[in-house]
Protein chains: 2
Amino acid sequence: MASAHPSQSDLSPEDPRAPADATGAESPALLPPTPAFSPLYQQIKSLILRSLQAGEWKPGDMIPSEFDLAARFRVSQGTVRKAIDELATDNLLVRRQGKGTFVATHAEQHIQYRFLRVLPDASAPEAQVPAERRIIECRRLRGPAEVARQLDLKGGDSLVQVRRVLSFSGTPAILEDIWLPGAPFKGLSLETLSSDKGPMYALFEAQFGVRMVRATEKIKAVAADADAAALLGVEVGHPLLSVERLAYTYNDVPMELRRGLYRTETRHYHNELN
Amino acid sequence: MASAHPSQSDLSPEDPRAPADATGAESPALLPPTPAFSPLYQQIKSLILRSLQAGEWKPGDMIPSEFDLAARFRVSQGTVRKAIDELATDNLLVRRQGKGTFVATHAEQHIQYRFLRVLPDASAPEAQVPAERRIIECRRLRGPAEVARQLDLKGGDSLVQVRRVLSFSGTPAILEDIWLPGAPFKGLSLETLSSDKGPMYALFEAQFGVRMVRATEKIKAVAADADAAALLGVEVGHPLLSVERLAYTYNDVPMELRRGLYRTETRHYHNELN
DNA sequence: AAGTGGTCTAGACCACAAC
DNA sequence: TTGTGGTCTAGACCACTTG
């Protein structure tokens, strides 16, 4: 690269055109005061992201080395590095010194369910005994309006609903209702789910090519209704933690709505603030 | 700097000796497999951190420019930059392009209580009406053993306890009990607290030089007892969100234990997962 | 115009893993 | 030994803010 600083839109390596706005979650859609400047490494970042979405590299795969990518995009290694840095802090990529950079995966997330924030009260940080999972039902339906809205679907679109109970050492602890868009999850059945061991999100990756990337949660305290009380083994009215999660794939596309009811007599939802 | 890579412990700029282990939250205290290697920028990071703790730069102050710090520590600007980058993502420093780098502060945190994760259900991300605060009591006592333990105090040490209620548009919403170590907060009184407007953590900074840097929270669903029910205007047994927060200053020193009971009929605790 | 953070480059060398 | 990520440097130029 001849000039030290390719002053915007100098990018034309192997990909047709660089998007003016890279991150996608930035511009407030109202009169950008700056004419949409985005640094090179952001453009590289979104090119890499595009390859991830397109499935060029699959979860668990090693992506090309920093130097290879630098050559491919015709930028310096440091610029690629900064792009990868951000993708790594977003948990889309995982760096392993001496080995390479890999596409993150929910499988082999060595020790934990990526999005499950529950810990036993006597919190030895380990000792996280694996949960026993029991699928109660899995059915297809035309979804409730509110669910459809949150998943960016039309009112009449098909949905999959899954209900399951998680138990710790025999005692029921969490009741979950999960809604998924029908189209991407065609073929998901009670048998598939029941026979699977390992995180559900790992199954989504392997079977349906859907990778959950981030999520938001709304947490409330609610009273157990008759249904929940029966399934969780508590009295009606018992306080339960309601955790409503919206999980997203790449590009901020919502792909799962999940409502969990947690018994919190001997465990808690753990959160780190900074 | 003559050699391109000062191979460990070449650091002797204006500070006597660089600590072998920089971050403090890393080594498991058990047979370090590597002989405690820590990169230069980590050492710079902890030198800057030390200056922050020592009060060399106070909350809101501008710290020296990257080049000044580079000269002072006798490293390159890029190395200082990486150190500052990490401190900025930890929310200890705030970068402002064109102006400088500033010590973060809970005052003028333009729009939000830094650690309060509560949002109204109909979540227009703004419209966060300011809460009305009412201090119910502020007293000194010899602390309960469990509280003392979490604050790393002896059983007999003095504590300050504060109880207050937060309301939104006239309706009580949050009941908080706050425990603080007596020594650093000598002089804290009901009057001080009541006459203050603005975040409590801003007052802690300004009056007591204690800056809260991070926190952990344990969240549960509980039933309102008589006390809480009366103060929050709900019936006994009403489900409440219990949020137990341990807040830390620099160096992972716990400085506040806070237990909040939240009414969540029309609002929720919001969390982002990635 | 001067000062500060932000981006980008090119090249050197270190640490780690695998062959 | 080789390849990969990780650190460090020195220098250039861009973008933003202030006088």
Side-chain angles (χ1 to χ4, degrees), chain A residues 1-11 13 18 22-23 32-45 48 61-71 73-89 93-103, chain B residues 1-11 13 18 22-23 26 32-45 48 61-89 93-103:
Chain A
M1 177 146 288
S3 67
H5 200 174
S7 62
Q8 203 62 13
S9 68
D10 201 341
L11 244 209
T23 44
T34 353
F37 167 79
S38 117
L40 241 193
Y41 74 87
Q42 287 285 4
Q43 302 178 38
I44 303 300
K45 183 180 173 185
I48 295 176
D61 284 0
M62 176 178 159
I63 72 171
S65 78
E66 296 180 350
F67 278 102
D68 287 354
L69 288 174
F73 297 133
R74 315 193 62 123
V75 297
S76 77
Q77 179 250 6
T79 300
V80 169
R81 184 171 184 77
K82 181 145 189 183
I84 293 180
D85 275 345
E86 294 205 351
L87 292 167
T89 55
L93 296 176
V94 177
R95 322 190 79 135
R96 285 200 251 274
Q97 179 168 162
K99 293 196 201 164
T101 301
F102 299 80
V103 182
Chain B
M1 177 149 284
S3 66
H5 201 173
S7 63
Q8 204 60 15
S9 70
D10 200 343
L11 242 211
T23 45
E26 286 297 0
T34 354
F37 166 80
S38 117
L40 241 193
Y41 74 86
Q42 287 285 4
Q43 302 178 38
I44 302 301
K45 183 181 173 185
I48 295 175
D61 283 1
M62 175 178 160
I63 72 170
S65 77
E66 296 179 349
F67 277 102
D68 286 354
L69 288 173
R72 167 165 163 182
F73 297 133
R74 316 194 62 126
V75 298
S76 78
Q77 179 251 6
T79 299
V80 169
R81 182 170 185 76
K82 181 145 189 182
I84 292 180
D85 274 345
E86 294 205 351
L87 292 167
T89 56
L93 297 176
V94 177
R95 321 190 79 136
R96 285 199 251 274
Q97 179 169 162
K99 294 196 203 164
T101 300
F102 299 80
V103 182

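Below, read A as the first sequence line, B as the second, and so on, with proteins coming before strands; counting in each chain starts at 1.
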For A/Thr89 and B/Thr89, what are the C-alpha separation, side-chain angles and deciding distance, and is it a side chain to side chain contact (heavy atoms under 4.5 Å, CB included)? CA-CA 11 Å; A/Thr89 55; B/Thr89 56; over 6 Å; no
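Between the CZ atom of A/Arg96 and the C1' atom of C/dC16 there is a distance of 13 Å, rounded to whole Å. Here D/dG6 presents its P atom at 13 Å from CD of B/Gln42, a figure rounded to the nearest Å. In this structure, A/Gln77 atom CD and D/dT4 atom P are separated by 12 Å, rounded to whole Å. Following rounding to the nearest Å, A/Leu69 (CG) and D/dT4 (P) show an atom-to-atom distance of 11 Å. In this structure, the CG atom of A/Asp85 is 8 Å from the P atom of D/dG6, given to the nearest Å. Rounded to an integer number of Å, the gap from A/Gln43 CD to C/dG6 C1' is 15 Å. In this structure, CG of B/Leu87 is placed 15 Å from C1' of C/dG5, rounded to the nearest angstrom. Regarding A/Glu66, its CD atom lies at a distance of 18 Å from the P atom of C/dA15, rounded to whole Å.
Considering only side-chain atoms of A/Lys82, the nucleotide from D/dG6, C/dG5, C/dT7 that sits closest is C/dT7. The side chain of A/Thr101 has D/dG5 as its nearest neighbour among D/dG5, D/dT7, C/dC8. For B/Tyr41, counting side-chain heavy atoms from C-beta on, the closest listed nucleotide (C/dC8, D/dC8, D/dG5) is D/dC8. Side chain of B/Met62, nearest nucleotide from D/dT9, C/dT4, C/dC8: C/dT4. For A/Arg95, the side-chain atoms get nearest to D/dG6 when compared with the rest of D/dG6, C/dT7, C/dG6. Closest to the side chain of B/Arg81, from the set C/dG5, D/dT9, D/dG5, is C/dG5.
Take B/Arg81 and apply the salt bridge (Lys or Arg N to Asp or Glu O under 4.0 Å) test, not counting sequence neighbours, and it matches B/Glu66. Considering only residues two or more places apart in sequence or on other chains, A/Asp85 meets the salt bridge (Lys or Arg N to Asp or Glu O under 4.0 Å) condition with A/Arg95. B/Ser65 pairs by the side chain to side chain contact (heavy atoms under 4.5 Å, CB included) definition with B/Phe67, B/Asp68, not counting sequence neighbours. In terms of the side chain to side chain donor-acceptor pair (under 3.5 Å) criterion, residue partners of A/Thr79 (sequence neighbours excluded) are, by chain and number, A/Ser76.
Residue B/Ala83 comes nearest to B/Ile48 through the heavy atom pair CB-CD1, 4.5 Å, listed as atom of the first residue, atom of the second, then distance.
If you find the closest nucleotide of DNA chain D to B/Val80 and to B/Phe67, the one lying nearer the 5' end belongs to B/Val80.
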Contacts under 3.5 Å, N or O only, protein and nucleotides 17-19 of chain D:
none

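Here CD1 of B/Ile63 is found 8.0 Å from CG of B/Leu87. Values are rounded to the nearest 0.5 Å.
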